Amino acid sequence: MARVHRGHIFHVAGSPTVTDAATALVSIPDGALVVGDDGIIEFCGEFDSLPDRFADLSVADHRPGFLLPGFVDTHIHFPQTYAGDSYGGGQLLEWLNTCIFPSESRFADPEFAAAAARDFCAARIRAGTTQAMVFGSAFPHAQDSLFAETGKHGLRIVSGRGVQTTGPASAQALITGEDEAIRLVSEEIEKWHAADTGDVDTAMLHVAVVPRFSLSVTTETLRNLGELYDSVRGRGVYFHTHLNENNRPGTGEIDATKNAYGVGAYLDTYDGKFLPGSQVGGKSFLGKRTILAHAVHCQDAELERMAETGTSIAHCPTSQQFLGSGTMPWKRTVAAGVNIAIGSDFGGGDEWLLPQVLADAFKVHISEAGDDGLSLHPAELLFTGTLAGARALDMENRIGNFDIGKEADFVVVDPSAWPQLAAAIDHGVRADNAELARDQTLFALLMAMREPAIVGVYVQGRAVPGT
């Protein structure tokens with residue numbers, strides 16, 4: 001049923017880059033968001049300017065609450081649903097061996113995996129994450145549970161089984177043979193890609209090709225996955241993995257990858273140049289439906305190549321702090337022209353709520369050394385958690401803001417449901433300058449928000465069950 005949603009609207013309109021987000025920021029203190037019967041946005045503006053044709057529609061009055069676009073998490077791990085805050089006694093590789101591979105191996109139990117799928121979706125709903133790029137389980141039955149549960153709740157998802165064809169003893173339960181790896185990925189694509197509508201342009205369920213990272217696969221895997229991906233790329237299948245996360249000299253992820261493959265740059269392994277000397281050995285995975293998580297320690301040439309191909313970065317500041325991975329250089333990465341979206345990276349990150357991940361982004365980037373440090377504008381934060389994610393997923397024409405004609409994904413935030421947020425909104429200092437006061441309100445909203453304040457989650461204009 002068509003409806004008017006009333007509240008304080010914040011969104012980044014149009015199709016700006018992150019550096020233009022502040023000029024594209026829209027704030028409507030008494031706003032009206034009109035959603036049609038088909039879940040499409042028909043109007044976004046002042047409530048008092050509501051066109052006469054909408055006068056007879058029912059009004060959901062969310063005041064004094066806020067309406068924000070649904071959050072888009074571009075990197076989160078389903079088989080780590082229960083692995084948050086795991087102590088591994090070291091950085092990335094130690095943490096994987098001690099905590100993550102054993103945790104993910106438990107998904108071999110179908111009942112355990114089904115329970116995790118329910119809990120994963122419930123956590124997404126609490127956090128207002130309406131769309132997510134989800135690093136999947138190695139076990140097909142677990143992925144079946146994830147897709148089915150996601151569809152049941154009316155959420156959006158892009159996911160693919162985590163591919164591993166080599167690794168340490170702690171990962172043995174997750175490893176398959178080369179032929180089986182390709183077969184399982186192919187079967188997942190055929191079973192779940194656009195399975196809900198049969199049309200990739202309208203579907204809520206999408207599949208990605210997801211090798212864990214280069215150290216978990218072989219040159220044969222990369223070659224075979226590249227051939228597979230090349231054959232399904234035109235069907236809107238995605239590619240997702242990790243890049244340049246840990247740069248501990250000699251023994252960290254980056255040096256280990258470059259040494260194992262004999263390449264000059266980590267990105268080469270995903271760009272088809274995975275043979276010694278960065279010689280071409282297969283197809284490239286890079287492109288506009290490719291999202292690479294972390295990209296903390298990229299060479300200039302790697303950033304240039306990602307920008308050239310339309311490949312996006314899932315920036316994960318929370319997990320980068322948790323695992324001691326360093327700070328992605330914001331200014332240099334933006335200057336290269338790469339689209340940067342946000343990723344919780346739960347359970348490497350220990351936070352589901354993207355506004356809190358954005359808060360971590362603000363803190364780490366204002367703390368970058370010397371001239372590299374900057375105070376991210378609240379609109380840049382909102383953009384990174386919404387429209388940039390839609391762009392990374394090649395869904396900017398469908399979601400990400402409240403432009404007329406887009407699908408109505410949004411969250412309702414009620415400050416009174418979380419006292420700290422209410423205090424920040426109601427009693428925080430506001431400048432006499434109206435524009436700065438607007439920015440201060442949005443900043444307080446993003447920084448002080450917690451899950452209890454998210455009292456409504458809507459996808460395609462429909463309230464998600466449980467909110």
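Because the structure is predicted, anything quoted here is derived from the model rather than measured. Worth knowing before you read on, the calculation uses all heavy atoms, side chains too, and leaves out hydrogens, waters and symmetry mates.
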Quiz item: Would you say E188's side chain and V207's backbone share a donor-acceptor pair under 3.5 angstrom?
Solution: no
Self-check item: From CD1 (I342) to CG (L382), nearest 0.5 Å
Solution: 12.0 Å
Quiz item: Does V185 reach the side chain of L228, with side-chain heavy atoms less than 4.5 Å apart?
Solution: yes
Quiz prompt | Atom pair CD (Q299) and CG (D268), whose distance is rounded to the nearest 0.5 Å | solution = 8.0 Å
Self-check item: Candidates R156, Q460, Q131 - the one meeting side-chain hydrogen bond (donor to acceptor under 3.5 Å, both in side chains) with D409
Solution: R156
Quiz item: Between atom OG1 of T74 and atom CD1 of I313, what is the distance when rounded to the nearest 0.5 Å?
Solution: 10.0 Å
Quiz item: Within a strict 4.5 Å, meaning less than it, do heavy atoms of the M449 and W418 side chains meet?
Solution: no
Quiz prompt | Minimum side-chain heavy-atom gap V263-L275 below 4.5 Å | solution = no
Exercise. Can you see which heavy atom on S319 is nearest to which on H294, and at what distance?
Key: OG-CE1, 3.4 Å
Exercise. Could you please spell out the steps behind the ring pair (Phe, Tyr, Trp, His ring centres under 6.0 Å) verdict for F410 and F10?
Key: CA-CA 10 Å; F410 62 97; F10 272 117; over 10 Å; no
Quiz item: Does the S159 side chain pair with the main chain of V134, one donor and one acceptor, at a distance under 3.5 Å?
Solution: yes
Exercise. Using the six-membered ring wherever Trp is involved, compare the ring planes of H77 and H75 and label them parallel, tilted or perpendicular (cut-offs 30° and 60°).
Key: perpendicular
Quiz item: Any Lys/Arg nitrogen of R183 or E187 sitting under 4.0 Å from an Asp/Glu carboxylate oxygen of the other?
Solution: yes
Self-check item: Spatial distance of atom CG (L358) from atom CD (E380) [nearest 0.5 Å]
Solution: 11.5 Å
Self-check item: Non-hydrogen side-chain atoms of N397 and K406 separated by less than 4.5 Å
Solution: no
Quiz prompt | Salt bridge present between D73 and R124 (N-O < 4.0 angstrom) | solution = no
Quiz item: Taking T129 for the side chain and V72 for the main chain, is one N or O donor matched with an acceptor at less than 3.5 Å?
Solution: no
Exercise. For residues L267 and N244, determine if any side-chain heavy atom of one lies less than 4.5 Å from a side-chain heavy atom of the other.
Key: no
Practice problem: Would you mind reporting whether N246 and L323 have side-chain heavy atoms less than 4.5 Å apart? | Solution: no
Quiz item: Would the Y261 and Y266 ring centres measure less than 6.0 Å apart?
Solution: no
Self-check item: Carboxylate-amine/guanidinium contact R289 D394, below 4.0 Å
Solution: yes
Quiz item: If only atom types and distance count, is the side chain of Y270 paired as donor or acceptor with the main-chain N or O of L222 below 3.5 Å?
Solution: no
Quiz item: Looking only at atom types and distance, does a side-chain atom of N401 sit under 3.5 Å from a main-chain N or O of G14, one as donor and one as acceptor?
Solution: yes
Quiz item: Between T165 and T221, do the side chains contain an N or O donor and an N or O acceptor separated by less than 3.5 Å?
Solution: yes
Quiz prompt | Atom pair CH2 (W192) and CG (L146), whose distance is rounded to the nearest 0.5 Å | solution = 9.0 Å
Quiz item: Does the distance from a Lys or Arg side-chain N to an Asp or Glu carboxylate O, for E407 and R398, drop under 4.0 Å?
Solution: yes
Quiz item: Given the rule in the side-chain hydrogen bond (donor to acceptor under 3.5 Å, both in side chains) test, do E178 and T218 qualify, once you have shown the distances and angles that lead to the verdict?
Solution: CA-CA 9 Å; E178 300 287 355; T218 66; 2.6 Å; yes
Quiz item: Is the side chain of T311 donor-acceptor paired with the backbone N or O of L286 at a distance under 3.5 Å, no angle test?
Solution: no
Quiz item: N339 side chain to A388 main-chain N or O, any donor-acceptor pair under 3.5 Å?
Solution: yes
Quiz item: Is the shortest side-chain N to carboxylate O distance from E104 to R212 below 4.0 Å?
Solution: yes
Self-check item: Salt-bridge contact R305-E308 (side-chain N to carboxylate O under 4.0 Å)
Solution: yes
Quiz prompt | Test item: S103 side-chain N/O and I100 main-chain N/O as donor-acceptor pair under 3.5 Å | solution = no
Quiz item: If you take all heavy atoms of S284 and D271, which pair is closest and at what distance?
Solution: OG-OD1, 2.6 Å
Quiz item: Does K191 pair with D144 as a salt bridge, N-O distance under 4.0 Å?
Solution: yes
Quiz prompt | Residue from F78, F120, F101 passing ring-ring contact (aromatic ring centres under 6.0 Å, His included) with F107 | solution = F78
Practice problem: Using a strict 4.0 Å threshold on nitrogen-to-oxygen distance, state whether E190 and R235 make a salt bridge. | Solution: yes
Quiz item: If we only count heavy atoms from C-beta on, is the I76 to W352 side-chain gap below 4.5 Å?
Solution: yes
Exercise. For residues F322 and Y87, establish whether the separation of their ring centroids is below 6.0 Å.
Key: no
Self-check item: Minimal non-hydrogen separation, V200 against G236, with atom names
Solution: CG2-CA, 4.1 Å
Quiz item: Would the number of heavy atoms belonging to other residues, nucleotides or ligands and lying under 6.0 Å from CG of D119 be above 12?
Solution: yes
Quiz item: Going by heavy atoms in the side chains, are D403 and H11 under 4.5 Å from each other?
Solution: yes
Practice problem: Test side-chain hydrogen bond (donor to acceptor under 3.5 Å, both in side chains) on N97 and S170 and set out the steps. | Solution: CA-CA 6 Å; N97 286 327; S170 59; 3.2 Å; yes
Self-check item: D255 with R248: basic N within carboxylate O range, under 4.0 Å
Solution: no
Quiz prompt | Distance, nearest 0.5 Å, that separates OG1 of T150 from CD1 of I157 | solution = 3.5 Å
Practice problem: Report, as yes or no, whether the 6.0 Å neighbourhood of atom NZ on K331 holds more than 12 heavy atoms from other residues, nucleotides or ligands. | Solution: yes
Quiz item: Any side-chain donor paired with an acceptor under 3.5 Å for T23 and D20?
Solution: no
Quiz item: Are side-chain N/O atoms of T202 and T197 paired as donor and acceptor at under 3.5 Å?
Solution: yes
Self-check item: Residue R223 excluded, over 12 heavy atoms near CZ under 6.0 Å
Solution: yes
Quiz item: Does the distance from a Lys or Arg side-chain N to an Asp or Glu carboxylate O, for E396 and R391, drop under 4.0 Å?
Solution: yes
Practice problem: For this output row, return yes or no: ring centroids of H377 and F383 closer than 6.0 angstrom. | Solution: no
Quiz item: Between the side chains of H365 and E368, is a donor N or O closer than 3.5 angstrom to an acceptor N or O?
Solution: yes
Self-check item: Backbone of P168 reached by a side-chain donor or acceptor of Q172 within 3.5 Å
Solution: yes
Practice problem: Decide yes or no on salt bridge (Lys or Arg N to Asp or Glu O under 4.0 Å) for D300 and R332, but give the supporting numbers first. | Solution: CA-CA 9 Å; D300 288 344; R332 186 165 71 91; 2.5 Å; yes
Practice problem: Measure across S278 and A265 and return the closest heavy-atom pair with its distance rounded to 0.1 Å. | Solution: OG-N, 4.4 Å
Quiz item: Are any side-chain N or O atoms of H240 and backbone N or O atoms of I291, one a donor and one an acceptor, separated by less than 3.5 Å?
Solution: yes
Exercise. Using the six-membered ring wherever Trp is involved, compare the ring planes of H206 and Y238 and label them parallel, tilted or perpendicular (cut-offs 30° and 60°).
Key: perpendicular
